[in-house]
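One structure follows; several queries about it will come next.
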Amino acid sequence: MSGDAIRMDGKVAIVTGGAGGIGEATARLLTARGACVVIADIAFERAEALAADLAGAIALPLDLEQEQSVETLVERTVAHFGRLDVLHNNAALLGPEIAQADGDVERMGTALWDRTFAVNVRGTMIACRAALPHLRETRGCIVNTVSNLALQGHLIQAAYSSSKAAVIQMTRAIAASHGKAGVRCNAVAPGMTMTPALREAFPPALRQVVEDETLRDRLGDPRDIAEAIAFLASDAARNVTGQVLVCDGGGASHVPGLAGFRSFFAGEQ
Ligand SMILES: NC(=O)c1ccc[n+]([C@@H]2O[C@H](COP(=O)([O-])OP(=O)(O)OC[C@H]3O[C@@H](n4cnc5c(N)ncnc54)[C@H](O)[C@@H]3O)[C@@H](O)[C@H]2O)c1
């Protein structure tokens, strides 16, 4: 362990979905802290462009829906760098059309439900399964990105939120089974995070609703989430396993309707 436990010198990390958004911010932060990072994404050209910009990073193709692709990613990582210390499962089935189609269960398309679980849950499980023998050797760790939507009921994204809840339980199961062998497994649950894609796609009026419930003066950005992930991936978190770190600016921490109460009390003065 290095003197500064948050440093990642000598460690090798896979960041799935690392070509943009939160994954890109995490790849940037981990390399800045000394790690070698594999940026693994279905958007391979974007992954390659980012890797070219980061010392110590390489890009590898990944399609989480294809079992062989996930297993090959882990094999190629270990063949290239000789070890694996961190698996960060960040990729998920996202995008405006997916979000549009993923609403209430009564109108849920079975194909969308299956695909969401194939990428977010099955793909994550296969990546963990392939990585665990290597993580045992390095006493490494897994960090899964879930979502605040996995922790509370909402009107939107029933398939996505259910899939992320499944990943939370997978996180605890892996932590329980592999802790004694030195492998930690945790999850980060971001609240709404202003990636470039979301900034463009999310209606400003709805963004304001979320911002009003946040306890900070602004919504989180990708670097805010990357900091939480990098902490859990580091030796500084050596006593933390089986946990979900909610990283949402306090949005899920308070009584329901806090924004309304805030306006009410402001009006009384
Ligand atoms: N941005 C938010 O507000 C927010 C909130 C809560 C949770 N999250 C979670 O954070 C993570 C990153 O989200 P983001 O907002 O940065 O989104 P993003 O769309 O920028 O990143 C997702 C990445 O996953 C990749 N990907 C998609 N399908 C894949 C597949 N089959 N195989 C391999 N790669 C695939 C995409 O190409 C993309 O680069 C996701 O797990 C998401 O659920 C995001």
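Each ligand, and each atom within it, is numbered from 1 in the order the structure gives. Every heavy atom of this structure was used, including side-chain atoms; hydrogens, water molecules and symmetry mates were not.
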Margin query: Polar contacts were defined as any N/O atom of the residue lying under 3.5 Å from an N/O atom of the ligand; does this apply to K164 and ligand 1?
Written below: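 N/O-N/O distance below 3.5 Å exists for this pair.
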
Next item on the list: Would you name the heavy atoms of Y160 and S147 that are closest together and state the gap between them?
Entry: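 Smallest interatomic distance, heavy atoms only, reads OH-CB, 3.6 Å.
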
Note to self: I'd like to know if the side chain of R184 and the backbone of L232 have a donor-acceptor N/O pair within less than 3.5 Å.
What the structure shows: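 The answer is yes, because a donor-acceptor pair under 3.5 Å joins these two groups.
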
Check: Of all the atoms in ligand 1, which lie at a distance below 4.0 Å from a heavy atom belonging to Y160?
Finding: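 Close to Y160: 6 (C), 7 (C), 8 (N), 9 (C), 42 (C), 43 (O).
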
Checklist line | Heavy-atom nearest neighbour in the protein, as seen from atom 9 (C) of ligand 1, with distance rounded to 0.1 Å | finding: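 Checked against all protein heavy atoms, atom 9 (C) of ligand 1 sits closest to T145 CG2, 3.5 Å.
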
Note to self: Minimum heavy-atom separation for I22 and P190, please, with both atom names.
What the structure shows: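 Smallest heavy-atom distance, with atoms named: CD1-CG, 4.4 Å.
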
Note to self: Only heavy atoms of D63, strictly under 4.0 Å: list the atoms of ligand 1 that pass.
What the structure shows: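 So the atoms of ligand 1 that pass are 31 (N), 32 (N).
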
Note to self: Could you tell me, atom by atom, which parts of ligand 1 come under 4.0 Å of a heavy atom of G17?
What the structure shows: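 That gives atoms 23 (C), 24 (O), 25 (C), 39 (O) of ligand 1.
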
Next item on the list: Could you tell me the residue and atom name of the protein heavy atom closest to atom 33 (C) of ligand 1, and the distance to it rounded to 0.1 Å?
Entry: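 Its nearest protein heavy-atom neighbour is L62 O, 3.3 Å.
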
Notebook entry, point to check: Should T195 be listed as contacting ligand 1, given a heavy-atom distance under 4.0 Å as the test?
Noted result: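 For ligand 1, residue contact (heavy atoms, under 4.0 Å) with T195 is present.
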
Check: If you measure from each heavy atom of T16 to ligand 1, is any distance below 4.0 Å?
Finding: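 T16: no contact with ligand 1 (<4.0 Å).
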
Margin query: Looking at D9 and R7, is there a salt bridge between them, counting it only when a charged N and a carboxylate O are closer than 4.0 Å?
Written below: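 Counted as a salt bridge, because a side-chain N and a carboxylate O are separated by less than 4.0 Å.
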
Note to self: To check you understand the geometry: which heavy-atom pair defines the closest contact between A47 and I39, and what is its length?
What the structure shows: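 For A47 versus I39, the nearest heavy atoms are CB-CG2, 3.7 Å.
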
Check: Short list, please: which atoms of ligand 1 are under 4.0 Å from a heavy atom of R46?
Finding: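 Listed by number with element, the hits are 37 (O), 39 (O).
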
Next item on the list: Before accepting this row, confirm whether a basic side-chain N of the pair E71/R129 lies closer than 4.0 Å to the acidic partner's carboxylate O.
Entry: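 Salt bridge flag = yes for R129 with E71.
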
Note to self: Any salt bridge linking R262 with E268? Criterion: basic side-chain nitrogen under 4.0 Å from a carboxylate oxygen.
What the structure shows: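 Between E268 and R262 there is no salt bridge, as every charged N stays at least 4.0 Å from the carboxylate O atoms.
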
Item checked: Closest to atom 38 (C) of ligand 1 among D41, V146, I225, N144 (heavy-atom distance) ->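 Going through D41, V146, I225, N144 one by one, D41 has the nearest heavy atom to atom 38 (C) of ligand 1.
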
Check: Which residue holds the protein heavy atom closest to atom 44 (C) of ligand 1, what is that atom called, and what is the gap in Å?
Finding: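 Looking at atom 44 (C) of ligand 1, the protein heavy atom closest to it is I22 CD1, 3.7 Å.
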
Item checked: Per-atom contacts of ligand 1 with G21, taking only distances under 4.0 Å to non-hydrogen atoms ->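 Those of ligand 1 that fall under 4.0 Å from G21 are 16 (O), 20 (O).
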
Margin query: So that I can tick it off, tell me whether R216 and D248 are bridged by a salt bridge, with the cut-off set at under 4.0 angstrom between side-chain N and carboxylate O.
Written below: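 Looking at R216 together with D248, the answer is no, because their closest N to O distance does not fall below 4.0 Å.
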
Margin query: Which residue and atom name correspond to the protein heavy atom nearest atom 22 (C) of ligand 1, and how close is it?
Written below: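 Closest protein heavy atom to atom 22 (C) of ligand 1: L94 CD1, 4.0 Å.
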
Notebook entry, point to check: How close do N144 and C128 get, heavy atom to heavy atom, and via which atoms?
Noted result: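 Looks like OD1-SG, 4.4 Å.
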
Check: Shortest non-hydrogen contact from C247 to V188?
Finding: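 Taking every non-hydrogen atom into account, CB-CG1, 4.2 Å.
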
Check: Quick one: nearest non-hydrogen protein atom to atom 5 (C) of ligand 1, plus distance?
Finding: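 The answer is G191 O, 3.3 Å.
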
Item checked: R122 bridged to D114 by N-O distance under 4.0 Å ->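 No.
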
Margin query: What I want to know is whether L93 and ligand 1 share at least one N or O pair that is separated by under 3.5 angstrom.
Written below: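 No; the residue has no nitrogen or oxygen that sits under 3.5 Å from a nitrogen or oxygen of the ligand.
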
Margin query: Given L73, V210, T193, identify the one with the heavy atom nearest to atom 1 (N) of ligand 1.
Written below: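 Shortest heavy-atom distance from atom 1 (N) of ligand 1: T193.
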
Margin query: Could you identify the single nearest non-hydrogen protein atom to atom 28 (N) of ligand 1 and state the distance to 0.1 Å?
Written below: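 Result: A92 O, 3.8 Å.
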
Item checked: Proximity flag G95 to ligand 1, non-hydrogen atoms under 4.0 Å ->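 No, that is not the case, since the closest heavy atom of the residue is not under 4.0 Å from the ligand.
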
Check: Atoms of ligand 1 less than 4.0 Å from M192 heavy atoms?
Finding: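 Counting from 1, the qualifying ligand atoms are 3 (O).
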
Check: In the protein, what heavy atom is nearest to atom 29 (C) of ligand 1, and what distance, to one decimal place, separates them?
Finding: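 For atom 29 (C) of ligand 1, the nearest protein heavy atom comes out as I42 CG2, 3.8 Å.
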
Notebook entry, point to check: Which heavy-atom pair separates V244 from I168 by the least distance, and what is that distance?
Noted result: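 Scanning both residues, the minimum pair turns out to be CG2-CG2, 3.7 Å.
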
Item checked: Minimum-distance protein heavy atom relative to atom 30 (C) of ligand 1 ->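 I find the closest protein heavy atom is L64 N, 3.7 Å.
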
Notebook entry, point to check: Less than 4.0 Å between a side-chain N and a carboxylate O, is that true for D104 and R107?
Noted result: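 A salt bridge links R107 with D104.
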
